[in-house]
Amino acid sequence: MTIFPAIDLRGGKCVRLFKGDFDQETVFSDQPAEVAQQWQAQGAQFLHLVDLDGARAGHSENLATVREILAAVTIPVELGGGIRTLENIDEVLALGVRRVILGSVAVRDPELVAAACAKYGNRIVVGIDAKDGIVAVDGWGVSGDVDVITLAKRMKQAGVRTIIYTDISRDGTLAGVNVEATAKLARESGVHVVASGGVRDVRDIEALKPYEKDGIEGVIVGKSIYTGSLSLPEALAIAAEVN
């Protein structure tokens, strides 16, 4: 199971939001590239970047900062947030980003997702962010009027192999990851799933680990590693254990 340290970008800074609320923001660093180096030094093998400005604008807004991060680390990086055209996907991957995460466009333009998958294969990941099982779009501010499992099945048909599932009600809260919903999504969709939202400590990593067999292939850790409630090296050690 892969542990993905998250670096959420807003105005070129590394921040965390509470339940996706842009008015409840904590700035952890104004040097995101140094944060990326820190997580790599602690053993991270993949970084998860989110362009929060891009999520609201509908196109990438923090690519200069992404370039700095790519120059600072040697491990692969994935990026999501407002990437909604094939041209934007081309641009981001050309920078050296390993995987692009598509969110709102998965609801509104599944044909684009299919075209991106046909062109780039497993370098295309879909992020499904939900409140009470219903997908949210546009930086989590709007309902997508579709349930999580229905969308996941559509994405599988479009060629998507990996989904990042975020329970918005838990994101940034340290309330614990939604293991049950994440495992159910993996089982019923037949797509590999990365868990996101609410991770507090090693108990969350331990709780997810048995569900690797159902298709949970990773977990994103954010606020927990910034506040110290979760030790990244300890999480990585648990994730690497053989079931």
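Given the structure is predicted, the values throughout are model-derived calculations rather than measurements.
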Check: [Y] and [X] side chains under 4.5 Å, non-hydrogen atoms:
| X | Y | value |
| --- | --- | --- |
| Val125 | Val160 | no |
| Val15 | Thr26 | no |
| Met1 | Leu208 | yes |
| Val202 | Leu230 | yes |
| Ile220 | Ile164 | yes |
| Thr162 | Glu217 | yes |
| Lys13 | Ser29 | no |
| Val100 | Tyr120 | no |

Is the side chain of [X] donor-acceptor paired with the backbone N or O of [Y] at a distance under 3.5 Å, no angle test?
| X | Y | result |
| --- | --- | --- |
| Asp147 | Ile134 | no |
| Arg170 | Gly176 | yes |
| Asp53 | Gly11 | yes |
| Asp204 | Asp201 | yes |

Inset, instruction - Start with the C-alpha gap between Arg56 and Arg10, add the side-chain angles, then the distance that decides, and say whether side chain to side chain contact (heavy atoms under 4.5 Å, CB included) holds. - result: CA-CA 11 Å; Arg56 294 217 291 191; Arg10 189 178 184 197; 3.5 Å; yes
Inset, instruction - Would you indicate whether Arg123, at its atom CZ, is surrounded by more than 12 heavy atoms from other residues, nucleotides or ligands within a distance under 6.0 Å? - result: yes
Legend entry - Residues, nucleotides or ligands: over 12 heavy atoms within 6.0 Å of Gln45 CD: no
Inter-residue atom distance [X].[atom1] - [Y].[atom2], 0.5 Å rounding:
| X | Y | atom1 | atom2 | value |
| --- | --- | --- | --- | --- |
| Cys117 | Leu102 | SG | CG | 7.5 Å |
| Thr2 | Glu212 | OG1 | CD | 8.5 Å |
| Ile216 | Lys209 | CD1 | NZ | 11.5 Å |
| Glu91 | Thr85 | CD | OG1 | 8.0 Å |
| Ile205 | Leu232 | CD1 | CG | 9.0 Å |
| Ser60 | Asn88 | OG | CG | 3.5 Å |

How close do [X] and [Y] get, heavy atom to heavy atom, and via which atoms?
| X | Y | result |
| --- | --- | --- |
| Leu151 | Ala106 | CD1-O, 3.7 Å |
| Pro5 | Ile225 | CB-CD1, 3.8 Å |
| Ile101 | Val126 | CG2-C, 4.2 Å |
| Val221 | Ile3 | CG2-CG2, 3.7 Å |
| Gly12 | Thr65 | CA-OG1, 3.5 Å |
| Leu236 | Ala44 | CD1-N, 3.7 Å |

Inset, instruction - In sequence, state the C-alpha distance, the side-chain angles, and the governing distance for His48 and Glu78, and then conclude on side chain to side chain contact (heavy atoms under 4.5 Å, CB included). - result: CA-CA 5 Å; His48 173 80; Glu78 63 184 18; 2.7 Å; yes
Honestly curious: do [X] and [Y] fall in one hydrophobic cluster under the side-chain, below-4.5 Å linking rule?
| X | Y | result |
| --- | --- | --- |
| Leu174 | Tyr226 | no |
| Ile149 | Val177 | yes |
| Val194 | Ile7 | no |

Inset, instruction - Scan Lys156, Lys153, Arg161 and name whichever one has a side-chain contact (heavy atoms from CB on, under 4.5 Å) with Val191. - result: Lys156
Inset, instruction - Dump the intermediate steps for side chain to side chain contact (heavy atoms under 4.5 Å, CB included) on Asp214 and Thr182, then the final yes or no. - result: CA-CA 10 Å; Asp214 291 321; Thr182 307; over 6 Å; no
Inset, instruction - Measure the acute angle between the ring planes of Phe4 and Phe46, then classify it against the limits of 30° and 60° as parallel, tilted or perpendicular. - result: tilted
Legend entry - Steps toward side chain to side chain contact (heavy atoms under 4.5 Å, CB included) verdict (Glu206, Ile238): CA-CA 7 Å; Glu206 292 167 343; Ile238 293 170; 3.9 Å; yes
Inset, instruction - Test the Lys213-Tyr211 pair against the cation-pi criterion, namely NZ or CZ under 6.0 angstrom from the six-membered ring centroid and within 45° of the ring axis. - result: yes
Quick one: side chains of residues 66-76, donor-acceptor pairs under 3.5 Å with protein atoms, not counting sequence neighbours, listed by atom name and distance.
from: Thr74; atom 1: OG1; to: Gln40; atom 2: OE1; distance (Å): 3.3

Inset, instruction - Show your reasoning for whether salt bridge (charged side-chain N to carboxylate O under 4.0 Å, His left out) applies to Asp8 and Arg16. - result: CA-CA 6 Å; Asp8 290 1; Arg16 295 299 297 170; 2.7 Å; yes
Inset, instruction - Check salt bridge (charged side-chain N to carboxylate O under 4.0 Å, His left out) between Asp90 and all other residues, then give those that pass, not counting sequence neighbours. - result: Lys119
Inset, instruction - Would you please name every residue forming a side chain to side chain donor-acceptor pair (under 3.5 Å) with Ser196, sequence neighbours left out? - result: Thr166
